[in-house]
Amino acid sequence: MATNASSTEDVPPEEAQPTKQNGEANQNNKPAKDTNAGHESLKYSLLGPSLTKAGQDSVDQSKVSEIIYEASKGSKFFSREEAKDKILTAKISHILAKKARLDKLDLTRDLRAADTLIAQLELSRDLTQHIVHLDCDAFYAAVELLDRPELADVPFAVGGGVLTTCNYVARKFGCRSGMAGFVAKKLCPQLVFLPLNFEKYNAKAAEVREVLAEYDPRFESASIDEAYLNITEYCAEKGMGPAEVVEQMRREIHEKTKITVSAGIAANSKLAKICSNMNKPNGQFVLPSDRTAIMEFMRDLPCRKLNGVGRVFERELAAVGVKTCGDIYGQRQYLNQLFGEKAYEFLMTCYLGLGRTSVQPAEEYERKSVGTESTFKDMSDPVQLREKLRWTAEELEKDMRRAECKGRTLVLKVKLHTYEVFTRQVVTPKAVYLADDLYNYSLPILAKLEQERPGMKLRLMGLRCTHLVSTKKPDTLAFFGLKPRRTESAGSADEQSGSPHAKRVQRDGEWEQWPEEALDGYELEMDKDGTSETREQSGSPFRRHGKEVLSNPTPKKAQSVPEEEWWDCPICSRPQAANERLFNEHIDLCLSRQAIRDTVQQEAALSSTGSTGTTPESRRSGSVGEKKRGRPAHGRGPDPRQKKLCFG
DNA sequence: ATACATACC
DNA sequence: CACTGGTATGTAT
């Protein structure tokens, strides 16, 4: 390790380039160098995702990587990582071979297509909004520290088998979130472990959100400790600059919650997210909303900093000569063919520094799946496996009740003792959520798996429902126009996605099921055992790292008059919640409601092609809400509506 | 539609 | 000591 001390620290290992002559896969199996090279990428991979994260700057990464490597090697986990690394290496050599083949062709067309796309994307650039990404610093650790101030200078971590997070003292030793506890202990023998306490974190997160709502009542919770805000209006109202506003907001958050946050301020959410990492912890960074400044910023930005580029994609990109976002331009003629359309478009928007400027409360996003999984001691006894499946089904039922939905597809996930993962799914004949149904429909696929690999030993089992059908009462009522919708929504999250048709089709799919499900929904609600209250509040801790399900706090001003504003639907004339997206959805519903009613009456309960309401697109343009918010309608261009991954 | 891989926190 | 859990999304088939 002495040899690779400083030069290889932060960069991914080089891929073997294919030799000029034979473009096929051979190069990566050359014996002498490859054992070493293979380990380099494996070690890099074992370093984990937080390499690029804050707090690791002063750490000797090669030393850390060596310790992790030594601690891990020989384990089944390690073997699996090794195998995965080999697969990736092969995949990369395949990509390189393809690139070599492309090089022999005339790529003028691809080059022109890329330039056209760039020009088109450029038209959608919106520099008028001030978007902020806020990120609490080592959030769980910071919350724990409030109760245990004596830990301020000692390295500690939250979480058991795997570190959920750790404080900055521990990070100096190379510890990081996602790391196995025993590995962290090797890096830092004094490391103190604290158990997770989600109720505490959620309570503190709610305090932080109280403050955020003052600056943008429609802020978007991206996770328990992250949020996006659009402060354009706030800046205009107060006559303040965005940096000044965020300084003030961060000060206020710290005063009221004793939590420090870092912030990025930029013209769109993608840039803001990158910027919030620049001055962590307890700092902020402004990227001026100026095209040249943005292009220069992106030019030198390592691709790995992009939300959506992980270890694998980073390696693939590096292999074709793309290390920074600026490098994307030089390779633009290859990217579509090498990585596919979505990745290609994603990369182009990254090169240009484009991103979404829309920010909306998380509860306005539609949930796509609900699932649960757990790890346990290796198990192969079929009886025990069935017990485990039964238990998993019961856990999932609880989660489904909390989420107020049923699923039409059930996915069984299984991890073998070797860490290989399998999933198998079934479409259920009806939407399900009861443990009995979940168990009965998943049991046959478990049995089939057992048959496929006799005596399989499992270390994890999980069940997940997809193709969800909401059983929320407000939606049902809104659907039939009985009452305007307010807070909750199971609506789709399409925005200005450029191609409304795709979404429309999907929605029609949902609608087909609604008449039937609507009644079920009531039944589910009617069995009110008070759980729907206790569930959401504090009943059982909804242990979640992901998106928050809580609604945004109501701004104090409005609290006295909770439902102060309504917009009248132009079709049914009923008042609707003053929310641009819900309003548009309501119009969608109104336009096809009659068709749905017909369908229900015919009791052609299943497939109702009649419900395919051909909704006019025109109304989406000058929507009332956009004026209300003082935010310009975003370009119709391919600006994505994504939540996490940005390939869309 | 199904299976698998990747990514994020 | 002994490598998580929940959700979303992309690609290949």
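Order of the sequence lines sets the chain letters (A, B, ...), proteins ahead of strands, with each chain counted from 1.
In this structure, A:Leu88 atom CG and B:dT6 atom P are separated by 7 Å, rounded to whole Å. Following rounding to the nearest Å, A:Tyr201 (OH) and B:dC9 (P) show an atom-to-atom distance of 18 Å. Atom CG of A:Asp378 and atom P of C:dA2 are 13 Å apart (whole Å). In this entry the distance linking CD of A:Glu420 with P of B:dA5 reads 9 Å, nearest Å. Straight-line distance from the NZ atom of A:Lys273 to the P atom of B:dA7: 15 Å, rounded to whole Å. In this structure, CG of A:Asn307 is placed 13 Å from C1' of B:dT6, rounded to the nearest angstrom. Counting to the nearest Å, the P atom of C:dA2 and the CG atom of A:Leu163 are 14 Å from each other. The separation between A:Arg80 atom CZ and B:dT6 atom P is 9 Å, rounded to whole Å.
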Run the numbers on A:Arg332 and A:Tyr351 for side chain to side chain contact (heavy atoms under 4.5 Å, CB included), then give the verdict. CA-CA 10 Å; A:Arg332 63 193 182 289; A:Tyr351 161 68; over 6 Å; no
Go through it in stages, so that I can follow the logic: the residues are A:Lys91 and A:Glu316, the test is side chain to side chain contact (heavy atoms under 4.5 Å, CB included), and I'd like the CA-CA distance, side-chain angles, deciding distance and then a yes or no. CA-CA 9 Å; A:Lys91 186 180 168 197; A:Glu316 294 175 357; 2.8 Å; yes
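Projected onto DNA chain B by closest heavy-atom contact, A:Asp135 and A:Ile87 fall at different nucleotides, the more 5' of which corresponds to A:Ile87. Heavy-atom distances to DNA chain C give each of A:Val162 and A:Phe182 a nearest nucleotide, and the one nearer the 5′ end belongs to A:Phe182.
Taking atom P in both C:dC3 and B:dC8, the straight-line distance is 23 Å, to the nearest Å. Taking the C1' atom of each, B:dA7 and C:dA2 are spaced 25 Å apart, rounded to whole Å.
Between A:Arg459 and C:dT4, a side-chain N or O to OP1/OP2 separation shorter than 4.0 Å is present. The phosphate of C:dC3 has neither OP1 nor OP2 within less than 4.0 Å of any side-chain N or O from A:Lys84. Considering only side-chain N and O atoms, A:Lys76 lies nowhere under 4.0 angstrom from the phosphate OP1 or OP2 of C:dC3. An OP1 or OP2 oxygen of B:dC4 is reached within less than 4.0 angstrom by a side-chain nitrogen or oxygen of A:Thr423. At least one side-chain nitrogen or oxygen of A:Ser369 sits closer than 4.0 Å to the OP1 or OP2 atom of C:dA8. The phosphate of B:dT6 (OP1 or OP2) has no side-chain N or O of A:Arg311 nearer than 4.0 angstrom. Dashed line: the shortest gap from a side-chain N or O of A:Arg424 to OP1 or OP2 of B:dC4 is under 4.0 Å. Distances shown here put every side-chain N or O of A:Ser374 at or beyond 4.0 Å from the OP1 or OP2 atom of C:dG5.
Residue A:Gln425 has its side chain nearest to B:dA3 when only C:dA8, B:dA3, B:dC8 are considered. Picking from B:dC8, C:dG5, C:dC3 the nucleotide with the shortest atom distance to the side chain of A:Thr375 gives C:dG5. In this structure, the nucleotide among C:dC3, B:dA7, B:dA5 sitting nearest to the side chain of A:Phe313 is B:dA7. With distances taken from any side-chain atom of A:Arg464 to the nucleotides B:dA3, C:dT4, C:dG6, the minimum falls on C:dG6. Of the candidate nucleotides C:dA8, B:dA1, C:dT4, B:dA1 has the atom nearest to the side chain of A:His467. Among the nucleotides C:dA8, C:dG6, C:dC3, the one closest to any side-chain atom of A:Ser75 is C:dC3. Relative to the side chain of A:Val427, the nucleotides B:dC8, C:dT4, B:dT2 differ in distance, and B:dT2 lies closest. Of the candidates C:dT11, B:dA5, B:dC9, B:dC9 carries the atom nearest the A:Asp225 side chain, counting heavy atoms from C-beta on. In the set B:dC4, C:dT7, C:dG10, the nucleotide with an atom closest to the side chain of A:Val370 is C:dT7.
Within the cation-pi definition used here (under 6.0 Å to the ring centroid, within 45° of the axis), A:Arg315 does not qualify as a partner of A:Tyr44. Cation-pi geometry between A:Arg80 and A:Phe77 is not satisfied (NZ or CZ under 6.0 Å from the ring centre, within 45° of the ring normal).
Within the 4.0 angstrom heavy-atom criterion, no nucleotide atom of any strand lies near A:Glu81. Note on A:Phe139: nothing from the nucleic acid sits closer than 4.0 angstrom, heavy atoms only. Counting any heavy atom pair closer than 4.0 Å across all strands shown, A:Leu460 reaches sugar-phosphate atoms only and no base atom. At the heavy-atom level, A:Val411 lies nowhere under 4.0 Å from the strands shown. Residue contacts shown for A:Phe422 are limited to sugar-phosphate atoms, with no base heavy atom under 4.0 Å away. Residue-level contact check: A:Leu306 touches the backbone only, with heavy atoms under 4.0 Å from sugar-phosphate atoms and none from bases.
Heavy atoms of other residues, nucleotides or ligands lying less than 6.0 angstrom from CD of A:Glu452 number more than 12.
With A:Arg408 as reference, A:Val469 is the one residue of A:Val469, A:Val432, A:Val426 to meet the side chain to side chain contact (heavy atoms under 4.5 Å, CB included) rule. Each of A:Val261, A:Thr260, A:Asp137 was evaluated against A:Lys280; a single residue qualifies, A:Asp137, per the side chain to side chain contact (heavy atoms under 4.5 Å, CB included) test.
Between A:Tyr140 and A:Tyr201, the ring-plane angle classifies as parallel under the 30° and 60° cut-offs.
The base of C:dC3 is paired with the side chain of A:Ser72 by a donor and an acceptor separated by under 3.5 Å.
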